[in-house]
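A quick write-up on the structure given underneath.
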Amino acid sequence: MKSEPKIYSFDDLKRDRETVWDGVRNYQARNFLRQMQVGDLAFFYHSNIAFPGLVGLVRVVATLADPTQFDPNSRYYEPKSTPECPRWQTVRVEFVETFPLISRETLKQEFSTEELIVLRQGNRLSVMPVVEKVALQILALANSKIAQS
DNA sequence: GCCAACGTTGGC
DNA sequence: GCCAACGTTGGC
């Protein structure tokens with residue numbers, strides 16, 4: 001799950017404890033959101049900063065229709081959506097743990113663009129899947145960094 | 001339905 | 001700040 005820290009950082013999530021991943025208006029990203037289930041873990045990625053990369057772990061605690069689509073005052077308002085037939089789906093996530101930055105540079109050294117969608121040039125999705133094998137390797141990397149610090 | 005123009009994202 | 005890579009929009 002990717003966010004610009006200037007807009008919403010991992011520290012913001014740590015402070016809030018939970019957040020709704022609202023405002024995603026890309027169909028491919030929405031389809032990934034639909035696949036997410038309560039209990040799923042996700043990495044939090046900081047984008048559009050000097051040192052982009054993974055900064056921690058979050059967990060899905062609920063799946064829901066994106067509430068902003070029903071709010072006429074929201075920039076994400078979707079007049080065609082109704083509570084019975086919402087167009088945009090999302091999840092609520094909770095803070096799990098912070099780990100020392102796994103930089104984009106490190107990720108590129110360790111993984112290919114086939115393995116990690118976030119490494120692909122021109123990638124613009126706010127949510128993207130990571131296969132289990134790669135996820136476990138990243139977790140191992142995170143744990144070794146925690147052990148070092 | 002095609003596609004040029006435009007706006008946005010995000011690495012560098 | 002630049003610019004490549006997208007997605008979206010809208011004229012036709």
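First the proteins, then the strands, lettered A, B, ... as listed; each starts at 1.
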Gap between atoms [atom1] and [atom2], on [X] and [N] respectively (whole Å):
X         : N       : atom1 : atom2 : result
Glu105(A) : dG10(B) : CD    : C1'   : 16 Å
Arg120(A) : dC12(B) : CZ    : C1'   : 20 Å
Ile49(A)  : dC12(B) : CD1   : P     : 12 Å
Ile7(A)   : dT9(B)  : CD1   : C1'   : 10 Å
Lys6(A)   : dT9(B)  : NZ    : P     : 12 Å
His46(A)  : dG11(B) : NE2   : P     : 12 Å
Lys2(A)   : dT8(B)  : NZ    : P     : 16 Å
Arg25(A)  : dG7(B)  : CZ    : C1'   : 18 Å

Need to verify one output field. Residue with the more 5' nearest nucleotide on DNA chain C, Gly122(A) or Tyr27(A)?
Gly122(A)

If each of Asn48(A) and Asn123(A) is mapped to the nucleotide of DNA chain C with the nearest heavy atom, which maps nearer the 5' terminus, i.e. the 5' end?
Asn48(A)

Within the 3.5 Å criterion, strictly below it, is a donor on Asp11(A) or Ser9(A) matched to an acceptor on the partner's side chain?
no

Please confirm whether the shortest side-chain N or O distance from Tyr45(A) to OP1 or OP2 of dG11(B) is below 4.0 Å.
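Yes.
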
Does a nitrogen or oxygen in the side chain of Gln121(A) sit under 4.0 Å from OP1 or OP2 of dA5(C)?
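For dA5(C), OP1 or OP2 has a side-chain N or O of Gln121(A) closer than 4.0 Å.
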
Can Leu116(A) be reached from Leu139(A) by stepping across I, L, V, M, F, W or Y side chains whose heavy atoms are under 4.5 Å apart?
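Leu139(A) clusters together with Leu116(A).
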
Less than 6.0 angstrom separating the ring centers of Phe70(A) and Trp88(A), yes or no?
no

Any chance the rings of Tyr76(A) and Trp21(A) have centres within less than 6.0 Å?
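No, ring centres 6.0 Å or more apart.
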
With a 4.0 Å cut-off on heavy atoms, is Phe51(A) in touch with a base, just the backbone sugar-phosphate, or nothing at all?
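Nothing: the residue Phe51(A), judged by heavy atoms under 4.0 Å, touches no strand.
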
Asn26(A) has a side chain; which of dA4(C), dG7(C), dG11(B) sits nearest to it?
dG7(C)

Side-chain touch Thr90(A)/Val20(A), heavy atoms, less than 4.5 angstrom
yes

